[in-house]
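In what follows, a structure is listed as structure tokens, so that the remarks can point back to it.
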Amino acid sequence: MAPSPSAAPLAMLRAQTALELRLTLRRGESVLVTLVLPVLLLVFFSAVAVRGPSAGGEAALPGLGAALGRRPVDTLLPGVLALAVMSTGMVSLGIATAYERHYGVLKRLGGSPLPRPALLGAKILSVLALELGQVVLLLGVAAVLGWRPEVTAPRLALAAGALLLGTAAFGGLGLWMAGSWRAEATLAGANGLYLVLLLLGGVIVPVESLPVPWGSLAALLPSAALAGVLRFALDWRPGPQSALLDFTLLCLWAILAPLLAARTFRWE
Amino acid sequence: MGAAIAVEGVTKRYGGRAVVQDLSFQVRCGEVFALLGPNGAGKTTTVEMLEGYRAPDGGRVRVLGLDPVHQGAALKPRLGLMLQQGGIYPQIRPLEALRLFAAFYSRPEDPRALLEQVGLEKAAGVRYRRLSGGQKQRLALALALVGRPELVFLDEPTAGMDPQARRVTWGIIRGLQRRGVTVLLTTHSMDEAEHLAGRVAIINRGRLVALDTPAALGQAGQGGTGLRFRAPSGLDTGALAGALADLTAPPPAVQELEPGHYAVAAPPTPTLLARLTAWLSARDVLLTELRVGGGTLEEVYLRLTGEDGELGGR
């Protein structure tokens, strides 16, 4: 047998991952939604709460302020981290993949020696790399805003696990849209869902502070589940029972969403 | 040498409608082979079955001896392909795209040299979506070649190219042939098929209607010998026929097939040519093209695909 004319799988994976990451950072709208927006929201709501209209009063927005003498950033950070995962896994990955399908990029890559698992692996790795950047950036900004972590190693591990599960859940949702909807529909759907979940999904405003019938429904959303586990891990709130429920829900979403995507994905 | 591509009695249906019907042909190793046919004839469907994108509903397809659908992993590193729709990231830069694809093969071409070869060295850093149509096509061609393939599929490689880009592309395809690379290309352009292909398969409505060398197809189309020329339209064909009348037993018929295109149905002899040019010269008319022999591939193509298409309706 002649030596294989294709490169080693690991070399292909490396090249494809580097490219995915470069292209993501080259797309202005992707940088806006994954890096600029979460930082802006963190800074804005921290500032609004600190210098609220009633001088000296901290709780300008109900549920955002420091309820128990906490800094606003303590309450905000877990939700904004959840938002970061949503923006990368669902919005950026979903829309990019939808357009790759639309423009026949996925088809063309399918005709190259790059195996499909390597393509999927490259997408996962580039999402994780971007999320690592987001986390570092957001923690840095939070520290500037006065966030002082009082977390133990197990809780940090829980937070990391939650971020990974959230990535699976939102990445699954993004790829589900990308693989079965038209590109324009995915663009509208992912951005729209992002906005709805940002406002009503228990991310910035905890579900307890949402209007009554919606609040209990919103608690079932992956955004609320992820934000809930992160709040428990980083901010010691709410209680362990609630966190366990959130964690269970998050696991469920992390299994169901990728399964849905795998079942419905069409490459052309 | 064996067959690079074997298509045996292949049928493909989309929702009950047969797009390819009982199609059979072989492409030899090292050959440039053109699939010619109108839109919707089944060219792209055929190529996509060879590329492994679709499985035939009936019959058998072998590419380099392998089944493209089930042995794709072994086959793909040996193929180069250019889809009709580019399939390239809108934000990628040409050099970057070539480097990416180069990383998929064990002994790729040098991306920069290849970029130069397709004439894109000045556009190396321009985002794909800002390239012109012809530049996009040339990048897609370069991506098909970067892995040093044994067999290349080019689906309408020169569609949307200006004449200069087309010339560059034709040069590259001839270069491939010199290096022994097998090429299967689809095209609407008879000109392209005649210039590049060793053999041409004309398909219409999913069926093979002719398969031969361009020259043989052209001869067959005219059903005999004759002489074609181009000159200003509106010449007095009756007078010309009269001037040639004594050369053949039944006087040769002279026809203006379409404005400015004339056919003389007589065996082409030096005397006939001398007479023709003398007659034109006497009228101060310039001959702009002269062709000895049968019709062109274009006429065969139009005859084989046109009538059938009209009869079939929609």
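Letters go in sequence order (proteins before strands), and every chain restarts at 1.
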Should the heavy atoms of other residues, nucleotides or ligands under 6.0 Å from [atom1] of [X] be counted, would the total exceed 12?
X: B:R112; atom1: CZ; result: no
X: B:R62; atom1: CZ; result: yes
X: B:R129; atom1: CZ; result: yes

Where does [X] contact chain A at under 4.5 Å (heavy atoms): side chain, backbone, both or neither?
X: B:L79; result: neither
X: B:Q84; result: neither
X: B:R93; result: both
X: B:I88; result: backbone
X: B:P68; result: neither
X: B:F153; result: neither
X: B:R127; result: side chain

Could you tell me the separation between the OH atom of B:Y105 and the CE atom of A:M12, rounded to the nearest 0.5 Å?
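So the gap between those two atoms works out to 9.0 Å.
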Could you grab the distance from atom OG1 of A:T24 to atom CD of B:Q91, nearest 0.5 Å is fine?
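Atom-to-atom, A:T24:OG1 and B:Q91:CD are 9.0 Å apart.
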For residues 185-193 of chain A, give me every residue with a non-hydrogen atom less than 4.5 Å from any non-hydrogen atom of chain B.
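Near chain B, by residue number: none.
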Which of residues 98-111 of chain A have a heavy atom under 4.5 Å from any heavy atom of chain B?
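Against chain B, the residues of residues 98-111 of chain A that fall inside the cut-off (heavy atoms, under 4.5 Å) are A:E100, A:H102, A:Y103, A:G104, A:V105, A:K107, A:R108, A:L109, A:G110, A:G111.
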Residue selection (most heavy-atom pairs with chain B, distance under 4.5 Å) from A:A11, A:P115, A:P9, A:S112
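Sorted descending by pairs with chain B, the first entry is A:S112.
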Partner of A:P5 by side chain to side chain contact (heavy atoms under 4.5 Å, CB included), out of B:R107, B:R78, B:R148:
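For A:P5, the side chain to side chain contact (heavy atoms under 4.5 Å, CB included) test succeeds with only one of B:R107, B:R78, B:R148, which is B:R78.
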Look at B:R99, B:E51, B:E96 and state which one has the largest set of heavy-atom pairs under 4.5 Å with chain A.
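The residue among B:R99, B:E51, B:E96 with the greatest pair count is B:E96.
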Work out which heavy atom in B:A103 is nearest to a heavy atom in A:A15; give both atom names and the distance.
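Nearest pair, atom of B:A103 first, then A:A15: CB-CB, 3.5 Å.
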Which atoms of A:R22 are under 4.5 Å from chain B, going by heavy atoms: the side chain, the backbone, both sets, or neither?
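The side chain, not the backbone.
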